[in-house]
Protein chains: 2
Amino acid sequence: MTAAEEQPGSAEHVLELVASGTAASRADLVRELGLAASTVSARVQELVDAGLLTEYGEGASRGGRRPRLLRIPDSGGIALAADLGSHHARVGAVGRTGATFDVTEHSFDLTAGPDRALEPLVGRLAELADRQRAAGRTVRAVGVGFPGPVDTGTGQVIAPARMPGWHLYELRDRLAERLGLPVLVDNDANMMALGEHRAAHPGLRHLVVVKAGRGIGSGVISDGRLYRGARGSAGDISHVRVDAAAERPCSCGNIGCLETVASGAAIAAELRTLGIGVDGSTDVLRLVTDGEPHATTLVRQAGRHIGAVLSVVVNFFNPEAVVLAGALAEAEPLVAAVRGMLYERCLPMATSELTITAATSGADAGLLGAGHAALRELAPGSRPVPMTPAAPR
Amino acid sequence: MTAAEEQPGSAEHVLELVASGTAASRADLVRELGLAASTVSARVQELVDAGLLTEYGEGASRGGRRPRLLRIPDSGGIALAADLGSHHARVGAVGRTGATFDVTEHSFDLTAGPDRALEPLVGRLAELADRQRAAGRTVRAVGVGFPGPVDTGTGQVIAPARMPGWHLYELRDRLAERLGLPVLVDNDANMMALGEHRAAHPGLRHLVVVKAGRGIGSGVISDGRLYRGARGSAGDISHVRVDAAAERPCSCGNIGCLETVASGAAIAAELRTLGIGVDGSTDVLRLVTDGEPHATTLVRQAGRHIGAVLSVVVNFFNPEAVVLAGALAEAEPLVAAVRGMLYERCLPMATSELTITAATSGADAGLLGAGHAALRELAPGSRPVPMTPAAPR
DNA sequence: TGGACTTCGTTCGGGTATCGAATAAAGTCC
DNA sequence: GGACTTTATTCGATACCCGAACGAAGTCCA
């Protein structure tokens, strides 16, 4: 069972079941969807005709006629995806199956403001699109994860800390205009949550994905869908007050935020005061894996702080899993510290069946989520623009 | 627009729109449901025939034919509701309109264990049922709010603190058996959340209702529906660690929980050490309204502690409203302290349109929620048991 | 080796829910 | 007193889904 709660039998639902590997034949779909075999047969035929689904031979018999296997052809449509960080960008293509193609990482300066940052990004994406088209794949949409708040209704960036010039920038529309493709923009932690959910934990209904990198953010999956909250700011744990952060001023204008003691940026700053030269959170990670004691201590402490905040979240939200993503999540001490804190502080009922783990899709989680979201939202189960003018509901 | 996300046009949805006052005529329903007028007309006719909906004259013209007003007759079915506390029980009847009838409060000892507590409860409910039937109303179901964790699947109580003998007690089935009616049991904070949502804030999608009484609990409405989390323990904020609680042992077996410094029980205990005789949280409330300085200080401090924990919840969950319910919520200093804490600590984005308020349905919130939930779940829009064998889905 | 049974998939007739147009009823407004 | 609104119902037309029947392809065992 997939977690998504769509109309059973919608084209999107069928594609998702096949893409995720949950269903590989019409008979599987009948079981998963709970619809009549005749209905499924008709729906599948439509999708095959539309080129969104392909048959490729037959599977093993289970005591009767062999099933005719279904697959999603990557030629049926891919999305370009970009996972933006403040100083780097990861760019690649994502197919409906969850496969990624042609993933590259570039250094790239978001803090220079939209005017300076947009060009290189558009350039990378346009080149990627060309290469994908040359490989015979249809580019249907673009998904972008941005390291700051995004108004998903308008596609504008909202008051990101430490990134002057971006406030109210219409990132979605500008990219769409330049690339000639529909674009979806969302917060990077939300994209990661979507990616980890689809790639590593489909089936889970309630999931919190924490991104611990230069900054700290989290994306929330509730009832199998991304939860954004009233104003789209759900998932923020970065600006929770932590006693250990005392009076430290935070980029948000408040004091004592979690971010000031547990983010990659904070740890790097602390290491620099100790005379250890580090640049970003990947440097911090490297020091930890090399066994540098100060870095290890600081990372472990960061994990404790994050765990303390998450203990409130886990008691309140009672998720099935907490996934740690971002550069620092690759540091074992951080994961261990979070685990310890959660098991110590949370109610047994909340942790007894809780999975606490590092992201399995690793650095590509954000990319996957962005690509998936774009395909789902912008390239639904039919040709470019369906004739029906967006059913009034 | 109501927040509930049901099949548009389901009998339940229609009844809810009428009950909440959102729709008062067929034309209103057409607008709200987005269905064709003919469809709505047919559906309404069915409901009128079934006695679940009544016409009562005509409304004001809006420039054309006058609408024929629809109303939910309370004779169409009510639920018995009980809001249980550790030392008292509030019992009453709830109609589909949200009206309450014949509400009474009894002292009653849950801590004496199920065998001693069940009889009086059954007695009260049976008497109430008799009176309601004598008044010409059909009793369709029973809803019960229990002050502790409940497995809503089985209707069993789960390991409640300080209430020996209740673990795994099949409260739902025992009551159903004794009363001869379908029974719904859930945690009291959940019931309160449902009640406040329906009665005071329909239309809001994301809502946290905090019950501050003898204990502290919260109920969460997400996407217009009660959110229970993976194992049904969502909404717990009582056992979050608070620095001010230091090493105080908590009923949950851990130390330093919010409950040990901010619950009515904790405040009462503290007052007793000061030589002030108090019994329950209503006593505490009385002292505060009388201006007793120690009580006021303690309550204000409790508000700060609760607010500090809620600030994490508000940042993370980004609700549209935080509603304070339970006895202590009637103390102004507590509400003020929570407000202050949230505005000070949360992100502006999370609080700029956040409503923070005391429960408007007051002491009846839990009753209302229990009644509503029972009617919704157990007495859907038709006669006792529909012929269709619970559509396989 | 050949039936009996299983699994997979399609075809086809029928049921149900909803829609839209036509119609009627009742009122407002100038 | 007509022109236009709003409300409500009636009546085919339609889309969607189901179930039964059937065909196709395989397994299993005597």
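Protein chains get the first letters and strands the later ones, always in sequence-line order, with residue 1 at the start of each.
Partners of D186(B) according to the side-chain hydrogen bond (donor to acceptor under 3.5 Å, both in side chains) rule, which considers only residues two or more places apart in sequence or in another chain, are N190(B), R228(B). Listed by chain and number, the residues in a side-chain hydrogen bond (donor to acceptor under 3.5 Å, both in side chains) with R62(B) amount to none (sequence neighbours excluded). The side-chain hydrogen bond (donor to acceptor under 3.5 Å, both in side chains) search around E177(B) returns none, not counting sequence neighbours. Residues passing the side-chain hydrogen bond (donor to acceptor under 3.5 Å, both in side chains) test with E320(B): none are found, sequence neighbours excluded.
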Under a 4.0 Å heavy-atom criterion, the protein footprint on nucleotides 19-29 of chain C, written with B, S and -, is BB---BBBBS-
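Taking the six-membered ring where the residue is Trp, H206(B) and Y227(A) present perpendicular rings, their angle passing 60° and hence far from 30°.
Using a 4.0 Å cut-off between a side-chain N of Lys or Arg and a carboxylate O of Asp or Glu, R376(B) and E16(B) qualify as a salt bridge. No salt bridge links R68(B) with E58(B); every basic N to acidic carboxylate O contact stays at or beyond 4.0 Å. Taking a cutoff of 4.0 Å between a charged side-chain nitrogen and a carboxylate oxygen, D223(B) and R225(A) qualify as a salt bridge.
DNA chain D lies under 4.0 Å from no heavy atom of any residue of residues 23-31 of chain A.
At whole-Å resolution of the value, CG in L69(B) and P in dT6(D) are 17 Å apart. Atom pair R43(B):CZ and dT16(C):P shows a separation of 14 Å (rounding to whole Å applied). Straight-line distance from the CD atom of Q45(A) to the P atom of dC8(C): 18 Å, rounded to whole Å.
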